Amino acid sequence: MVAIIFKSRHGATKKIASMISHHLASCTLIALEDVNLEELEKFDTIICGIPVYNGMLDEEMTAFIKDHQDLLINKHYSIYVSAIFPSEFMHYLTDAFDYTILKDVKTLAGLGGSLDFSKLSVSEKMKVALMKKRRPLANVTEGSAYENFNEEEIKNFAYKVKRIDEAA
C-alpha cells in the first residue's frame, strides 16, 4: 500500500498527488497536517510531495522528512517536488537536504507546478512579479492561472513507485 503525504498551500502539490494516485492501485492521500504516525506504519511505500515557495522547499514538509527518517527509510520512500521550474528540483532538494537523507530516497522527480494569481497573497504577488523580471514565464499575467504539470513525468514517477511497492 502507498501513502502520499503532501503539503499544498494553493493546491498544486495536492493536484499532483491526485494525479499520481490515479496511476497506483492502492493509494491514500494525506495532507501533512493530518499525518498520524501510527497510521503510516500500515503503508509499505510513502511518497512525500514538497512544494516550492519563494525558491525553497516548504519548511514544514522538509522538517517532517528530516525528523522522520527512520520511519521513511523502513517504508521505502520517494519524493516529488512541485515547482514552476521543475527542471531545478535537484537544486531545491540539495539545498534543503544533505546526502545522508537523499541517499535513502528511492525515486526523485520534479513534476511541475502552478500559479493561480487569485489565490496569492499581496506579498506572494510581489515576489512573482520580481521572479518574472529575472526569469520570464510565458502567459503569466495578473488574474490568470499558469500550470506546467508534466503528465508523462507524473505517469513515469508513479510507475517507478509502483515497481518499488511491488518489490517491497
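All residue numbers refer to positions in the sequence shown, counting from 1. Please read these numbers as outputs of a predicted model, since none were measured by experiment.
Judged by distance alone, with hydrogens and angles left aside, the side-chain atoms of Thr13 form no donor-acceptor pair with the main-chain N or O of Ser8 at under 3.5 Å. The backbone N or O of Pro51 lies less than 3.5 Å from no partner atom in the side chain of Asp58, so there is not a single donor-acceptor pair.
In the hydrophobic clustering, Val2 connects to Ile4, Phe6, Ile16, Met19, Ile20, Leu24, Leu29, Ile47, Tyr80, Leu111, Phe149, Ile154, Phe157, Val161, either directly or through intervening members, whenever side-chain heavy atoms lie under 4.5 Å apart.
Between Ser78 and Val105, the closest heavy-atom pair is CA-CG1, 3.8 Å. Across all their heavy atoms, Ser21 and Cys27 have their closest contact at CB-SG, 3.6 Å. Between Ile101 and Tyr77, the shortest heavy-atom distance links the atoms O-OH, 3.3 Å. Here the shortest heavy-atom pairing between Leu93 and Leu102 reads O-CD1, 4.1 Å.
Residue Met56 is not grouped with residue Phe89 when hydrophobic side chains (ILVMFWY) are merged at heavy-atom distances under 4.5 angstrom, including chains of intermediate members. Cluster membership check: Tyr159 does not share its hydrophobic cluster with Leu108, using side-chain heavy-atom separations under 4.5 Å among Ile, Leu, Val, Met, Phe, Trp and Tyr. In the hydrophobic cluster analysis, where Ile, Leu, Val, Met, Phe, Trp and Tyr join through side-chain heavy atoms closer than 4.5 angstrom, Tyr99 is grouped apart from Ile73.
Between Lys155 atom NZ and Asn150 atom CG the span is 12.0 Å, to the nearest 0.5 Å. Here Leu57 contributes atom CG and His91 contributes atom NE2; the two are 9.5 Å apart, rounded to the nearest 0.5 Å. Atoms NZ and CD, on Lys7 and Glu59 in that order, are 9.0 Å from each other to the nearest 0.5 Å. From Leu71, atom CG reaches atom CG of Asn74 across 7.0 Å, with rounding to the nearest 0.5 Å. Here the CZ atom belonging to Arg9 is positioned 9.0 Å from the CD atom belonging to Glu60, to the nearest 0.5 angstrom. One finds the CD1 atom of Ile46 at 10.0 Å from the NE2 atom of His68 (value rounded to the nearest 0.5 Å).
No side-chain heavy atom of Asp104 sits under 4.5 Å from any side-chain heavy atom of Leu72. Considering only heavy atoms from C-beta on, Thr28 comes within 4.5 Å of Ile30 through its side chain. Side-chain contact between Asp34 and Ile5 is absent, with no heavy atoms from C-beta onward closer than 4.5 Å.
Partners of Glu41 according to the salt bridge (charged side-chain N to carboxylate O under 4.0 Å, His left out) rule, which considers only residues two or more places apart in sequence or in another chain, are Lys75.
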